[in-house]
Amino acid sequence: MDHQRESWAEMPALIAAVQAAGDKIGLPFVAAQADLGDPEPMSDEAGRPYAETSFRWVDPNYAYWRDRKLALQLAFLTAARLVAEPFYYSDGHLGTWRPTRLLDEVDCSQAKNTPNFGEAIIAPVHLPRGLVGAVFWCSREPVGVEALFAKHAGDLHNLALKLVASHNEARDRPRNATVPQTLTRREVQCLRWAAAGKTDGEIGIILTLSVSTVRFHLRNAAAKLGATGRAQSIQIAAGLGFVGARAA
């Protein structure tokens, strides 16, 4: 509880720092969401959305935080789920420090056709247990965002990480998260093969174990991870690095 109180106490300064960073580099319009899977907007301790109390947007008449479909439709949020590094938007395209087909395939035509929307830098924040947040800094007109990105993206990403992590700590997100107990080698092996789509019987053949023993290891792994089933065990294990991306 003390950590939650401390995190709430840090939030006003972090919110102000996020806004000041955008003002300083010519991207003064800010949006932030600490959990892209949460339909509710990112809000202060009293439940007031930061989009109303602290941040400005390119269209002052558009209350975007009330549109619960936005998280599934906005290209920037799609991109934020695909990559963990910051990226920028300019003239219908996304870019980052390196070439990546993941960003090349995101359709940004909606942003390109939006009046008074210029350029942006977006900092995704990927936290353990599958929690993804993001902070956006935008302009109404072109500002030379590629050069700004090269100079400031690292600092903006660091600031976004502090904001999102502190806000989620303040709100006790994810719920019931605990430090996982150490998984045994067999538990990790069973999880990896389960993530690859193998049945308990197939895992038993691969590892030379009985089906009951495979299920025993998977139950133990789920209990240690705080998971309630096979799918959640795999998701949490992947988020914590026990199951590699190749398997998951």
Mutual orientation of the aromatic rings belonging to Trp57 and Tyr64 [parallel < 30°, tilted 30-60°, perpendicular > 60°]: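 Judged by the thresholds at 30° and 60°, the geometry between Trp57 and Tyr64 is tilted.
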Parallel, tilted or perpendicular: ring planes of Tyr50 versus His167, cut at 30 and 60 degrees: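 Taking His167 first and then Tyr50, their aromatic rings stand perpendicular (interplane angle over 60°).
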Hphob cluster co-occupancy, [X] + [Y], side-chain heavy atoms under 4.5 angstrom:
X: Leu209; Y: Val211; value: no
X: Phe216; Y: Leu225; value: no
X: Ile205; Y: Trp193; value: no

Heavy-atom pair of closest approach, residues [X] and [Y]:
X: Ala80; Y: Leu36; answer: CB-CD1, 4.2 Å
X: Pro86; Y: His157; answer: CD-ND1, 3.5 Å
X: Ala160; Y: Val135; answer: CB-CG2, 3.6 Å
X: Leu218; Y: Ala194; answer: CD2-CB, 4.5 Å
X: Tyr88; Y: Val145; answer: CD1-CG1, 3.8 Å
X: Glu169; Y: Gln4; answer: O-CG, 3.4 Å

Sub-4.5 Å side-chain heavy-atom contact between Leu131 and Asn168: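 Contact flag for Leu131/Asn168 side chains = yes.
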Do the side chains of [X] and [Y] get close enough for a salt bridge, i.e. N-O under 4.0 angstrom?
X: Arg230; Y: Asp200; result: yes
X: Arg66; Y: Glu52; result: yes
X: Arg98; Y: Glu85; result: yes
X: Glu45; Y: Arg5; result: yes

How long is the straight-line distance from [atom2] of [Y] back to [atom1] of [X], given to the nearest 0.5 Å?
X: Glu202; Y: Thr199; atom1: CD; atom2: OG1; answer: 3.5 Å
X: Ile122; Y: Leu74; atom1: CD1; atom2: CG; answer: 8.5 Å
X: Ser233; Y: Leu191; atom1: OG; atom2: CG; answer: 6.0 Å
X: Leu102; Y: Thr78; atom1: CG; atom2: OG1; answer: 12.0 Å
X: Cys108; Y: Asp91; atom1: SG; atom2: CG; answer: 10.5 Å
X: Gln232; Y: Ile236; atom1: CD; atom2: CD1; answer: 4.0 Å

Quick check against the 3.5 Å criterion: does [X] have a side-chain atom that pairs as donor or acceptor with the backbone of [Y]?
X: Glu10; Y: Ser7; result: no
X: Asn158; Y: Gly154; result: no
X: Ser43; Y: Pro41; result: yes
X: Trp65; Y: Ala51; result: no
X: Ser210; Y: Thr213; result: yes
X: Lys162; Y: Leu14; result: no
X: Arg140; Y: Val58; result: yes

Under 3.5 Å side-chain donor-acceptor pair for Gln189 and Arg186: yes
Flag for Glu119-Ser139: side-chain donor and acceptor within less than 3.5 Å: no
Partner of Phe149 by ring-ring contact (aromatic ring centres under 6.0 Å, His included), out of Phe87, Tyr89, Trp97: Trp97
Donor-acceptor pairs under 3.5 Å, side chain of residues 16-34 to any protein atom, not counting sequence neighbours: which ones?
unit_1 : atom_1 : unit_2 : atom_2 : d
Gln19  : NE2    : Asp23  : OD1    : 3.0
Gln19  : NE2    : Pro28  : O      : 2.8
Asp23  : OD1    : Arg56  : NH2    : 3.1
Gln33  : OE1    : Met42  : N      : 2.9
Gln33  : NE2    : Asp35  : O      : 3.3
Gln33  : NE2    : Asp38  : O      : 3.1
Gln33  : NE2    : Glu40  : O      : 2.8

